[in-house]
Amino acid sequence: MAPFLGSQLSRSLRSFQVYGANTDVGKTIFSTILCNAFRNQRKNEKVWYLKPVSTGALQDADDRHVAKFAKGIETECLMQFKEPVSPHLVTAKPPSDETILRAICDRIQKYAKTSAGTFFLETAGGVHSPTLSGHSQADLYRPLRLPVLLIADSRLGGISSSISAFESLNMRGYDVEGVLLFKNDYYRNDVYLKEYFAKHGSKTGIFPPPPSKNHEDSTADQEAMSSYYATQSSSNEVLDMLHHLESRHTERIMKLEKMSEEAHKYIWYPFMQHQDLSPNSITVIDSAHGDFFQTYSSGKGDSLLAPMFDGSASWWTQGLGHGNTTLTLSAAYASGRYGHVMFAGTIHEPALSLAKLLLSSLQNPRLTRVFYSDNGSTGCEVAVKMALKASRVRYGWNDREEAGIIGLKGSYHGDTLGVMDCSEPCDYNKEVDWYKGRGWWFDFPKVMMREGRWVVEVPEDLKEALGGSVEFGSLAEIFDLEKRKGEEAGKRYEKYIYNTLERLIKKEGRRFGAVMMEPVVLGAGGMLFADPLFQSILVSVTRSNPSLFSPTDIPPITPSSELTWTGLPIIFDEVFTGLYRLGRLTPSSFLQTHPDISVHAKLLTGGLLPLSTTLASDSIFEAFLGEEKKDALMHGHSYTAHAVGCSVAETSVKSLIELDNAGGWEEAKKNWSVKGEEIVVWSSWSQTFITQISNLPNVEGVWALGSVLAIHLKTSRAGYSSTAANTFLENLRDNAGRDWKVHARALGSVAYVMTSQTSTRETVAHMEAVVLGAL
């Protein structure tokens, strides 16, 4: 069975979810009133009522009450338990939340196909009453994201519980379209709440309470309730609410229908040639939850929303799933406590806690300081400023002669002007008027699987220096750097790197201020999987040969400790590859080395807020100590160390570490184990699947690591401007015959798909079938 897919919206079926601010506030009574009102006013339409879980005596079941007093209504209860206790106590083996959601989803789809009409889903107890599995109802039903009718509490204390319930729903992305409550002349909650909810955009309906129950005469009791429902179901108050709900349903659809045309008119998109853009090619996202977008479809079929797997992990930021409640509450708390407070010369708890968490968790003894900025590009910009100043101070460069960056071909560190210059000319930067590439970029051996075999491929023009391509029995063998450094490849790499640097510096007179690279995988440059041995040796050659980089009249410095940078500062851009994207907290551990500066963003906040950190060593920090302010690192922005972002980031990083410690990826790791040895590398994508792809005739090579899958397609025209992946992407989006479509992007001839760090094996297995079909 495919995983549950998400929210439902139909042109012909109006669907609503009834939540209560507390237990015993009248959810079933108001559901009955509304069912009768819609049935009476829309005689050619049907009305459905569903109670997913009910506890207590069968004769008191809510679905039976609705069936008794709302004739002609189809009612159903999915699970009835006779014990009158909280749902989480009624069974030792509860069905999964997903099972309940799928059952509800199936009903909604069936009703939409049957006839035009209205559907009510009534919850149990209050907003946070537990489900059968013990989770909050508000979280259980969130993937459905049905418009909500909140039944407020008219009793003593009801103002507080009603507002609290509304805020809980609002923070989770529900639309509370209407609020209903009984009039209470003593407490007069209705007067206060009507004004409160009007300010928050929710319409309020106030009704007289039902007659008191007649325990002595059941016939009289039933007649009294029937009379009450007859009166209230045709009252102006309920008809006004009915028309409001109908208009809101229509407005929602109309907004979705217009969005792509309006976006085409008003929006300037990144990385997109608008000459080729049309409204039909713009994906309209109504909401997102877990691994999926809920996207507007053109109205073909019964549902106007289609689930779409977020295959780019929302452009590499998504780690803990969309709509993650833990992150949302963390953001809400920090927002309420701080909002934003300026950071120059101040400190707040989220910034300090996050800094200490990162420094301790990354276990890099070199890193001692954390600098905050707003995104990965800016974080890299800061890193370059740090490294160049440290080199200038160390080597006594008093002139303004250019100092370049040593990096790798295909690297890219962001779109700000400074770090654009840290990459060779490419489609991202060469059309920018101020661009001037400043550095040297090594070509390097690359890793991929070809026809079922892992290969380290050496570029053709480097084979004389580095030797030919080499096959390995497993991906883990490629990461056995201790063994490989003593082999011929390691010796060749070392000689080639040293000779190249010596030629550039001693013979050509070039000056360099830093080594900057993305460890293991170069993302934006084309999902290039670098041979980790080459990257590791580039660092060791740089550090062990400081005389290469010193002016001839300045003797190399004797490091004050083994943690002091030597040769050149080493910058690791971990914006894409860090924080478990590749299966480890930091990809530097793959290279068995520690950078002097590292940059983190993307997964840092779990995809919720923009934030970046640049971590540096003491020997870098000390270069900015001086007598004048100009000696300091003159960089910052208004939202430096944004308290909300820092709070969310701390929660996100802790959640990822806990996932790892709790064995959250154990199943995937076992799939990648080799002969019972320690698991060195793993991926959420299975080995069998990777092998299948590697043998397809249209695939040049493939690799998977952590949550990333990269497919290099065969083409006569490689590179970012290639259109080789277009057909594959179209197949993913169309995905005929499958339960969901896939939103993915390509880097020229390289197509990539990413899971989140919380994707289930069931979801990934389904995605594997989709990808194979698209190829």
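Only this structure's heavy atoms are used, side chains among them; waters, hydrogens and symmetry mates stay out.
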Verify whether one side chain among Trp703 and Tyr752 offers a donor that lies under 3.5 Å from an acceptor in the other. no
For a quick check under 3.5 Å, do Thr640 and His642 share a side-chain donor-acceptor pair by atom type? no
Donor on one side chain, acceptor on other, Ser619 and Ser617, under 3.5 Å: yes
Is it the case that over 12 heavy atoms from other parts of the model lie below 6.0 angstrom from the CD atom of Glu622? yes
If we ignore angles and hydrogens, is there a donor and acceptor under 3.5 Å between the side chains of Asn375 and Ser612? no
Using distance alone, with no hydrogens and no angle criterion, decide if Ser377 and Asp415 have a side-chain donor and acceptor under 3.5 Å apart. no
Taking the six-membered ring for Trp, are Phe271 and Tyr428 ring centroids under 6.0 Å apart? yes
Report the C-alpha distance between Ser655 and Ser652 in whole Å, list the side-chain angles of each, state the deciding distance to 0.1 Å, and finish with yes or no for side chain to side chain donor-acceptor pair (under 3.5 Å). CA-CA 5 Å; Ser655 297; Ser652 175; over 6 Å; no
At what distance, to the nearest 0.5 angstrom, does CD of Glu482 lie from CG of Leu533? 10.5 Å
Under 4.0 Å between a Lys/Arg side-chain N and an Asp/Glu carboxylate O for Glu666 and Lys670? no
So, the side chain of Thr760 versus the backbone of Thr763: is there a donor-acceptor pair under 3.5 Å, distance only? yes
With the side chain counted from C-beta on, respond yes when Phe371 and His635 share a heavy-atom pair under 4.5 Å apart, and no when they do not. yes
If I compare all heavy atoms of Pro587 with all of Gly578, which pair ends up nearest, and what's the gap? CD-CA, 3.7 Å
May I ask you to test the Val520-Phe479 pair for a side-chain heavy-atom distance under 4.5 Å? yes
Hey, are Arg450 and Glu700 close enough for a salt bridge, meaning a charged N less than 4.0 Å from a carboxylate O? yes
Pairwise side-chain contact, Leu585 with Ser361, heavy-atom cut-off 4.5 Å (strictly under): yes
Heavy-atom closest pair, residues Leu367 and Pro595: CD2-O, 3.9 Å
Can you check whether Val771 reaches Gln692 side chain to side chain, under 4.5 Å on heavy atoms? no
What one should report as the nearest heavy-atom pair of Ala351 and Phe343 is CB-CE1, 3.7 Å
Check whether any side-chain N or O of Arg745 sits under 3.5 Å from a backbone N or O of Ala751 as a donor-acceptor pair, and report yes or no. no
Run Asp660 and Lys669 through salt bridge (Lys or Arg N to Asp or Glu O under 4.0 Å) and show every step you take. CA-CA 11 Å; Asp660 190 17; Lys669 289 181 177 181; 3.2 Å; yes
Between Arg581 and Ser707, is any pair of side-chain heavy atoms under 4.5 Å apart? yes
Does anything in residues 361-385 pair up under salt bridge (Lys or Arg N to Asp or Glu O under 4.0 Å), and if so which pairs, sequence neighbours excluded? Arg366-Asp596
With a 4.5 Å limit on heavy-atom distance, are the side chains of Met527 and Leu747 in contact? yes
So, His766 versus Phe309, ring centres under 6.0 angstrom or not? no
Do other residues, nucleotides or ligands put more than 12 heavy atoms under 6.0 Å from the NZ atom of Lys389? yes
Are Lys356 and Glu650 ion-paired here, with the side-chain N under 4.0 Å from a carboxylate O? no
Which distance, rounded to the nearest 0.5 Å, do you find between the CD of Glu574 and the CG of Leu582? 9.5 Å
Could you check whether the rings of His743 and Phe293 sit parallel, tilted or perpendicular, using 30° and 60° as the cut-offs? perpendicular
Tyr493 vs Phe534 aromatic rings, parallel, tilted or perpendicular, using cut-offs 30° and 60°? perpendicular
Give the C-alpha distance, both sets of side-chain angles, the deciding distance and a yes or no for side chain to side chain donor-acceptor pair (under 3.5 Å) between Ser684 and Thr755. CA-CA 8 Å; Ser684 53; Thr755 66; 3.2 Å; yes
Whether the side chain of Ser589 engages the backbone of Thr586 through a donor-acceptor N/O pair (distance < 3.5 Å, no angle test) should be reported. yes
Please check if the number of heavy atoms outside Tyr639 that lie under 6.0 Å from its OH is greater than 12. no
Check this for me: Lys714, atom NZ, are more than 12 non-hydrogen atoms of other residues, nucleotides or ligands nearer than 6.0 Å? yes
Can you tell if the side chain of Glu349 reaches within under 4.5 Å of the side chain of Cys646, non-hydrogen atoms only? no
For a quick test of reading the model, state the closest non-hydrogen atom pair linking Leu388 to Gly513 and the distance between them. CD2-CA, 3.8 Å
Checking Asn671 against Ser686: is there a side-chain donor and acceptor pair closer than 3.5 Å? no
For the CD atom on Glu477, are there more than 12 heavy atoms of other groups (residues, nucleotides or ligands in this structure) within a distance under 6.0 Å? yes
Presence of salt bridge, Arg453 and Glu451, under 4.0 angstrom: yes
Do the side chain of Thr593 and the main chain of Ser536 share a donor and acceptor less than 3.5 angstrom apart? no
Using 4.0 Å as the upper bound for N to carboxylate O, is an ion pair formed by Asp531 and Arg484? yes
If I compare all heavy atoms of Pro445 with all of Val456, which pair ends up nearest, and what's the gap? CB-CG1, 3.7 Å
Classify the side-chain pair His135/Asp97 by whether it contains a donor and acceptor separated by less than 3.5 Å. yes
Minimum heavy-atom distance Val458-Ser469, with the two atoms named: N-OG, 3.1 Å
Is any side-chain heavy atom of Val447 closer than 4.5 Å to one of Phe472? no
Test item: Thr614 side-chain N/O and Ala383 main-chain N/O as donor-acceptor pair under 3.5 Å: no
Using a 6.0 Å distance limit plus a 45 degree cone around the ring axis, check whether Lys446 lies over the aromatic ring of Phe444. yes
Are Trp454 and Phe529 close enough that their ring centers fall under 6.0 Å? no
